[in-house]
Each structure stands twice: as structure tokens, then as C-alpha cells.
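Start at 1 and go down the list; that is how both ligands and their atoms are numbered.
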Amino acid sequence: MGQSDLLGKIEGKQALVGIIGLGYVGLPLMRTFCKAGFRVLGFDVDASKIERLNAGKSYIQHIPGKLIADLVKQKRFSATADPQRLSEPDCLIICVPTPLTRMREPDLTYIHATARTIAAALRKGQLVVLESTTYPGTTREEVLPILEAGGLKVEQDFYLAFSPEREDPGRTDHTTETIPKVVGSIGPASGKLAVALYGQAIARIVPVSSCEVAEACKILENVYRCVNIALVNELKLLFDRMGIDVWEVISAAATKPFGFQAFYPGPGLGGHCIPIDPFYLSWKAKQYESSTRFIELAGEINTAMPEYVVHRVADALNERSKPLKGSKILVLGLAYKKDVDDMRESPSVHLIEMLRARGAEVEYNDPHILRTPRQREHDLKMKSVTLSPESLAGYDCVLIATDHSAYDYEMVVKHARLIVDTRNATAGVKASKRNVVKA
Ligand SMILES: NC(=O)c1ccc[n+]([C@@H]2O[C@H](COP(=O)([O-])OP(=O)(O)OC[C@H]3O[C@@H](n4cnc5c(N)ncnc54)[C@H](O)[C@@H]3O)[C@@H](O)[C@H]2O)c1
């Protein structure tokens with residue numbers, strides 16, 4: 001099958017779309033392509049996910065099980081762990097993880113493994129697109145040689161592009177369909193096909209001149225957030241000493257109709273992207289004998305935030321003649337951000353570990369995470385406790401780490417003895433806030 005055949009199949013929505021990695025990015029993307037009228041074959045190495053999907057169940061809170069069940073029933077979506085089936089789809093989209101190693105260097109093992117399994121099944125006329133966030137150069141330097149090792153040539157026999165995922169889980173005002181899609185490719189034939197594919201399912205496509213530009217674009221977006229969050233985190237510490245409320249300052253500054261975008265401080269960075277992706281670029285910069293000082297400084301400030309919060313908790317308890325050691329502390333919110341069920345890199349995990357290390361008895365509540373899953377580097381083995389006026393009154397301190405909308409902050413303020421609020425979540429509470437300390 002040649003370029004024009006594939007283009008025809010894409011434009012007629014007859015192309016079978018393969019999505020590799022059915023996680024927080026892959027599943028919403030599957031929904032988007034199915035909604036646009038394509039059939040999707042999903043791939044994952046996690047057999048339990050495959051089993052659940054084919055049984056019409058979801059494991060991601062904002063993707064309803066009913067939607068999966070309907071798509072499976074209508075034979076528009078199925079999932080498999082069989083890598084030999086990678087030759088079936090016309091288009092393959094890679095959405096596998098890109099974490100950091102223990103030494104905080106890019107861990108491309110998932111991308112390499114995926115590229116190798118695709119290479120083993122690659123046939124003429126397939127389009128491969130990498131969506132995983134990574135440093136500029138990955139698609140050309142890492143993925144392309146693996147795919148070409150079997151003898152097929154890019155731009156002639158198969159096509160290769162990079163299009164960054166810009167998913168923001170938990171958001172309702174923008175969806176995968178409405179977020180403009182940046183597409184960069186190895187060459188013009190690949191670009192034309194990738195633009196055509198996404199153009200069938202997503203409202204606006206932004207073609208750029210190369211994979212490297214598309215890769216760099218995603219990293220720029222995340223560096224921008226990381227640096228600006230570090231800025232307000234640093235200012236929070238200063239303003240706190242000066243007796244100024246940083247949240248009030250930000251909301252006043254945000255009234256400027258141009259030239260200012262509000263970022264908010266917090267207990268530290270979390271999630272799969274902002275704490276990790278900038279370091280992909282820092283690592284790559286070394287190859288060019290360049291440094292990325294903004295990224296390093298932002299990382300330093302943001303990773304120190306949990307320590308600051310723990311100090312604030314200790315100080316607030318001290319004011320009440322209580323040592324941290326032996327105090328009962330309830331952490332509200334385990335997810336890394338509001339209204340999601342994802343606790344990857346969550347600062348709450350660090351807070352719990354640091355408070356425990358100082359002798360506190362820590363429990364948590366999170367309506368979205370009823371028990372803690374085992375993570376790559378942490379295994380808290382905890383269960384969410386129930387929240388009631390009586391239970392709140394039983395803690396020496398309630399630490400608000402994530403500002404989930406489900407919480408009744410009036411009740412928390414009314415019944416907790418002491419609250420340390422890292423998110424300004426109690427701002428709208430009408431009751432007396434004498435027991436609230438902002439951190
Ligand atoms: N989660 C987000 O909000 C978000 C937003 C933008 C970009 N990203 C980027 O998207 C990529 C995926 O992130 P995610 O949050 O969806 O991760 P995830 O962990 O939720 O999902 C990844 C999936 O890939 C599977 N997988 C791993 N190796 C595989 C292999 N060799 N073959 C097939 N499947 C494999 C895993 O089992 C998992 O189900 C990352 O690069 C991330 O940085 C994530």
C-alpha cells in the first residue's frame with residue numbers, strides 16, 4: 001500500500017487506528033478516534049488492562065465504563081496484548097510512559113521496547129506517530145533507526161511523525177478533540193498523512209516543520225509551567241514573611257487584561273509531566289554543552305516545597321504546644337491535583353513520608369483514591385479514612401494538600417482543630433478561620 005492509498009483510507013475513515021499504551025493519554029485518544037468514526041485496536045503490555053477493556057470496563061475515572069462497553073459491543077474498539085497484531089492497523093500511535101530514571105535521566109526503555117515490537121511487525125504503508133513527551137531528537141535518533149533496521153525505508157515504505165499529547169486530565173472546558181494538535185514529521189509524505197489523520201478527529205491541526213519542533217514545543221509548554229509555578233512558590237515564601245497573602249496578590253494581578261497569566265503556588269509539583277519533562281531537555285542540553293539554568297532552579301525551588309509545608313505544620317503545632325512527633329495528622333487529598341485519581345509524583349506522598357519520618361501518625365482521605373496503589377518508588381499501603389465532623393475533630397492537624405471540589409471546606413474548618421491549607425482551598429469559607437494557617 002502506498003502513500004495515496006493510505007491517505008484515501010484515512011480520509012474515508014477506513015484506516016484502522018492502533019493505539020499503543022492505553023493509559024491516561026491513550027484511552028482518551030481512543031475515544032476521540034472512535035467518536036470521529038474510526039475503528040481502533042488498542043495495545044498494552046498490561047494484561048489486566050486488556051481484560052478489563054474487552055469486558056467493557058474502565059480504569060480511568062473520567063472515561064466511563066459504559067462508553068468502553070458500547071464501543072466494544074459495536075466492534076469499534078478492542079484491545080490486545082499480542083504484538084504480532086501490530087501489523088493490522090494502518091496507523092500506529094505510541095502513548096507509552098516516559099519517566100525519569102533514579103538518577104533523574106530520561107528513561108526511554110518504554111519507547112525503545114515499543115519501537116522494537118513495532119519493527120518486528122512493520123509492513124509497507126503504515127504510519128507511526130510518537131505522542132509520548134520526550135526531548136527534541138527522540139523520534140529521529142531513537143525511533144527511526146529501530147524501525148528502519150528491518151530494511152523498510154521511511155517516507156517510501158512507512159511514515160513517521162511526532163505529535164505531542166496535550167491532555168489535561170480532569171479538565172472539562174477542553175477535550176482531546178478541541179485542543180489544537182501540533183504535528184511534526186520526518187519528511188513531507190509522513191507530515192501529510194499525520195496531518196490528515198489527526199485532522200479527521202481533532203478540530204485544529206498545527207503542522208510544524210519537523211519532529212524536533214513538535215518535540216520542543218511540548219517541552220517548552222511544560223518548562224513554562226514549571227518555571228512559573230516555581231516563581232510563585234518562591235514569592236509565596238517571601239510574601240509570607242512580609243505578612244502578605246500571595247493568593248490575594250495573584251488574584252489582583254490576574255485582573256490585568258494582558259501580559260500576566262496566573263499560576264498558583266502549592267505543596268510541590270506533581271503528575272506525570274511538569275516534574276519530569278523539563279529534565280528531558282536538561283539532559284539533552286548537556287550534549288550541546290549548554291545548561292538549562294531556569295529548569296534547574298525551578299526544580300530546586302519546587303522540590304523544596306514539601307519540606308516548607310512540613311515546617312509550617314510543625315510550627316503551627318508548636319504554637320499549640322504540640323510536637324510533630326506523636327501528633328495525629330490527616331492529609332486531605334492524595335492525587336497530585338484537583339478532582340483526578342492520579343497520584344503519580346504527588347507531593348502528598350512526600351508529605352506523608354516526611355511527616356511519618358518525623359514521628360507523626362498520618363492518615364489520608366481522598367474520595368478519588370480509596371486505597372494507595374503500589375508505585376515505582378513508593379508503597380504507602382494506606383486506605384482513605386472517612387471524613388465526618390467527629391473524625392475531623394480527632395486530628396491534631398488537617399493538612400489540605402489537594403483542593404478536590406468534593407470537600408466540604410465549611411465542615412473541615414468548623415470541626416478540625418488546626419488546618420494547614422497549601423491550596424487556598426478554604427478561601428471561600430464563611431465560618432471563622434482562626435484555626436487555618438496558609439502554607
Ligand atoms: N497523563 C497526562 O496527563 C499526560 C499529558 C500529556 C502527555 N503525557 C505523556 O504521554 C505519555 C503517556 O502517559 P500516560 O499518562 O498515558 O501514561 P500511563 O502510564 O497512564 O499509560 C501508559 C500505558 O502504556 C503501557 N505500556 C508500557 N509499555 C508498553 C509497551 N511496550 N507496549 C504497549 N504498552 C505499553 C502501560 O501499561 C500503560 O497502560 C507520557 O510520555 C507522558 O509524559 C501524559
Problem set entry | Beyond-backbone contact of L269 with E345, side-chain heavy atoms, under 4.5 angstrom | no
Going by the order shown, which atoms of ligand 1 are within less than 4.0 Å of some heavy atom of [X]?
X: T98; value: 40 (C), 41 (O), 43 (O)
X: P97; value: 19 (O), 22 (C), 24 (O), 27 (C)
X: C95; value: 12 (C), 22 (C)

Between [Y] and [X], is there a side-chain donor-acceptor contact under 3.5 Å, judged purely by atom types and distance?
X: E167; Y: T176; answer: yes
X: Y59; Y: D341; answer: no
X: H174; Y: D168; answer: no
X: E165; Y: S132; answer: no
X: D403; Y: Y409; answer: no
X: T292; Y: S282; answer: yes

Of the protein's non-hydrogen atoms, which lies at the shortest distance from [atom], and what is that distance?
atom: atom 33 (C) of ligand 1; value: I20 CG2, 3.4 Å
atom: atom 21 (O) of ligand 1; value: G23 CA, 3.2 Å
atom: atom 3 (O) of ligand 1; value: P169 CD, 3.2 Å
atom: atom 5 (C) of ligand 1; value: E167 O, 3.4 Å
atom: atom 11 (C) of ligand 1; value: V96 O, 3.4 Å
atom: atom 24 (O) of ligand 1; value: G21 CA, 3.2 Å
atom: atom 8 (N) of ligand 1; value: V25 CG2, 3.6 Å
atom: atom 28 (N) of ligand 1; value: Y110 CD2, 3.4 Å

Which bit of [X] is near ligand 1, meaning a heavy atom under 4.0 Å away: side chain, backbone, both or neither?
X: R344; answer: side chain
X: S132; answer: both
X: C273; answer: side chain

I want to know if ligand 1 touches [X] in the polar sense, i.e. an N/O pair below 3.5 angstrom.
X: D46; value: no
X: R166; value: no
X: K49; value: yes
X: D277; value: no
X: T133; value: yes
X: K218; value: no

So that I can tick it off, tell me whether [Y] and [X] are bridged by a salt bridge, with the cut-off set at under 4.0 angstrom between side-chain N and carboxylate O.
X: K284; Y: E141; value: yes
X: D90; Y: R123; value: yes
X: E307; Y: R358; value: yes

Exercise. If hydrogens are left out, which of I19, T117, V45 has an atom nearest to atom 26 (N) of ligand 1, that is, the closest non-hydrogen atom?
Worked result: V45
For this session: Mark the output for E131 as yes if a heavy-atom distance to ligand 1 is under 4.0 Å, and as no if none is.
Result: no
Problem set entry | F33 and Y198 aromatic ring geometry - parallel, tilted or perpendicular at 30°/60° bounds | tilted
Exercise. Do the rings of Y280 and Y135 sit parallel, tilted or perpendicular, given the 30° and 60° boundaries?
Worked result: tilted
For this session: Please determine which of K73, R52, M30 meets the side-chain contact (heavy atoms from CB on, under 4.5 Å) test together with I68.
Result: M30
